[in-house]
Amino acid sequence: MTQQLSEKEQFKLKKLNKVLRRQTGQAIADYNMIEDGDKVMVCVSGGKDSYTLLEMLSQLKAVAPINFDIIAVNLDQKQPGFPEHILPEYLSKLGVDYKIVEQDTYSIVTEKLEPGKTTCSLCSRLRRGILYNTAKEIGATKIALGHHRDDMLATMMLNLFFAGKMKSMPAKLVSDNGEHLVIRPLAYCKEKDIEAFATLQRFPIIPCNLCGSQPNLQRKLTEEMLSEWDQKFPGRLETMFTAMQNVVPSHLADTALFDFKSINNQSGVIDGGDIAFDKESFSNPTHSEENTDNEFYQQQPAVQFTQVN
């Protein structure tokens, strides 16, 4: 695959691969996503994120100090014009175990929803149920999804703007039916790095004709907003993601999360005390994005994966 690339492109691919592998390994270690003996079901849609996820987990599997298995699973939703041959051919060539699940959710979604309505919610529920059943059938202990850092930030902003909640995508959590552990190993990876990596890897991308083509989706608009911020204010998204890992309940307003009622004159200073009357000072990052990344990841414990050249 890299034989078709120029020397400059090969250098860029190697650098991106190293960054994405390090970040994936770090997220796995930080959240204890994969354990010895796990059978990880990697959900592969044919998009850049899931291809990258499968590639990173395959590389880490080869050097990890633990043993775990990977099986790629694709849900063929019978969308018109879906190229059924692409994924089986690619996965066979890659040499990974895989399973193609065929379920006509496309007809259900288009039948149930009125023209012009967004399909994401219904489609997602149907897809989730099928994937949960598949995980149970194949004996998977973990379900790995390809959501990345930018997906998590967009979800946080959507909940903030439209749901009145400080909530995002979890890096690791039990599924909504209570039967499976869902993990997101790309939690620390930037979408622009994944996109560049996928382009250089020549992944056979399969577009989603059901949801990806819908205009004016709130998530899409939010993602565009974050992308604009990233271009205009380098380091802002890194700071936002760091904030998701540095929550201070005593300085928010959730009485279920922090016991405000019990605070009295004898409570002492809590998390720096009340500094509401102080003039807040925030400086725009002046150092490079790479330095911002390095500072963030230096705060994390070392990943116990063998180095790959």
Side-chain angles (χ1 to χ4, degrees), residues 1-6 9-25 27-28 33-34 36-77 79 82-103 127 130-131 134-135 137-148 182-189 191 193-208 212 305-309:
M1 199 171 295
T2 57
Q3 294 176 354
Q4 303 174 5
L5 303 179
S6 66
E9 289 173 326
Q10 290 185 39
F11 175 79
K12 184 178 180 181
L13 175 59
K14 185 175 181 180
K15 182 178 179 180
L16 282 168
N17 191 96
K18 185 177 181 180
V19 169
L20 291 170
R21 188 178 63 233
R22 172 174 58 84
Q23 292 172 342
T24 303
I28 291 173
M33 292 186 186
I34 299 177
D36 192 48
D38 269 341
K39 184 173 186 178
V40 182
M41 186 179 97
V42 184
C43 299
V44 180
S45 64
K48 65 182 187 333
D49 304 331
S50 59
Y51 277 130
T52 300
L53 173 63
L54 181 61
E55 178 65 25
M56 292 299 108
L57 290 183
S58 297
Q59 290 186 26
L60 291 173
K61 180 181 184 299
V63 298
I66 58 174
N67 295 313
F68 64 94
D69 294 321
I70 292 173
I71 178 168
V73 170
N74 169 253
L75 172 58
D76 180 355
Q77 299 178 267
Q79 298 175 21
F82 181 78
E84 299 179 358
H85 64 286
I86 289 182
L87 273 169
E89 289 178 1
Y90 175 77
L91 295 172
S92 296
K93 186 176 180 180
L94 204 62
V96 300
D97 292 335
Y98 71 90
K99 179 181 179 65
I100 306 296
V101 181
E102 298 183 4
Q103 292 283 346
R127 188 169 63 244
I130 295 168
L131 291 174
T134 302
E137 290 173 6
I138 65 177
T141 56
K142 304 283 173 60
I143 299 175
L145 303 178
H147 298 119
H148 45 69
V182 178
I183 59 175
R184 293 180 169 89
L186 300 184
Y188 291 166
C189 300
E191 182 173 24
D193 287 346
I194 292 173
E195 186 172 5
F197 179 74
T199 299
L200 292 171
Q201 282 279 36
R202 308 287 200 263
F203 289 142
I205 304 298
I206 303 174
C208 176
F305 284 108
T306 307
Q307 179 65 41
V308 179
N309 293 323

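Bear in mind that the values here come from a model prediction, so they are computed numbers and not experimental data.
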**Item:** Q10 vs L200, side chain to side chain contact (heavy atoms under 4.5 Å, CB included): CA-CA, chis, key distance, verdict
**Value:** CA-CA 8 Å; Q10 290 185 39; L200 292 171; over 6 Å; no
**Message:** Assess the residue pair M41 and L131 against the criterion (side chain to side chain contact (heavy atoms under 4.5 Å, CB included)); give the C-alpha distance rounded to whole Å, side-chain angles, the decisive distance to 0.1 Å, and a yes or no.
**Reply:** CA-CA 9 Å; M41 186 179 97; L131 291 174; 4.1 Å; yes
**Message:** Between L94 and L54, is the side chain to side chain contact (heavy atoms under 4.5 Å, CB included) condition met? List the steps.
**Reply:** CA-CA 10 Å; L94 204 62; L54 181 61; 3.8 Å; yes
**Asked** Yes or no on side chain to side chain donor-acceptor pair (under 3.5 Å) for N17 and Q59, after CA distance, side-chain angles and deciding distance?
**Response** CA-CA 10 Å; N17 191 96; Q59 290 186 26; 2.8 Å; yes
**Prompt:** When you look at L87 and V44, which way does the side chain to side chain contact (heavy atoms under 4.5 Å, CB included) test go after all the steps?
**Reply:** CA-CA 9 Å; L87 273 169; V44 180; 3.7 Å; yes
**Message:** With salt bridge (Lys or Arg N to Asp or Glu O under 4.0 Å) as the criterion, how do E55 and R21 come out once you've worked through the C-alpha distance, each side chain's angles and the decisive distance to 0.1 Å?
**Reply:** CA-CA 9 Å; E55 178 65 25; R21 188 178 63 233; over 6 Å; no
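How far CG of D38 is from CG of N67: 11.0 Å, rounded to the nearest 0.5 Å. Atom NZ of residue K142 and atom CG of residue D69 lie 12.5 Å apart, to the nearest 0.5 angstrom. Taking CG of L186 as the start and CD1 of I194 as the end, the distance is 5.0 Å to the nearest 0.5 Å. Atom OG1 of T52 and atom CZ of F197 lie 5.5 Å apart (nearest 0.5 Å). How far NZ of K99 is from CG of L91: 13.5 Å, rounded to the nearest 0.5 Å. In this structure, Q77 CD and Q103 CD are separated by 10.0 Å, a value rounded to the nearest 0.5 Å.
A heavy-atom distance below 4.5 Å is not found between the side chains of I206 and S45. E9 is not listed as a side-chain neighbour of Q4, based on a closest heavy-atom distance of 4.5 Å or more. Contact of the F82 side chain with the D76 side chain is registered, since non-hydrogen atoms from C-beta on lie closer than 4.5 Å. For the pair K61/F68, a side-chain contact is recorded, criterion being any heavy-atom separation below 4.5 Å from C-beta on.
The two residues T24 and C189 make their nearest non-hydrogen contact at OG1-SG, 3.7 Å. The two residues D49 and G146 come nearest to each other via the heavy atoms CB-O, 3.3 Å. Scanning all heavy atoms of the two residues, the minimum distance from V42 to L57 falls at CG2-CD1, 3.7 Å. Across every non-hydrogen atom of K39 and I138, the tightest pair is NZ-O, 2.8 Å. Considering every non-hydrogen atom in both V73 and V101, the closest pair reads CG1-CG2, 4.1 Å. Closest of all the heavy-atom pairs between V40 and A144 is CG1-CB, 3.7 Å.
With hydrogens and angles ignored, the 3.5 Å screen pairs no side-chain donor or acceptor of D36 with any backbone N or O of I66.
In this pair, Y90 and Y51 present their aromatic rings perpendicular. The plane angle is above 60°, beyond the 30 to 60° band.
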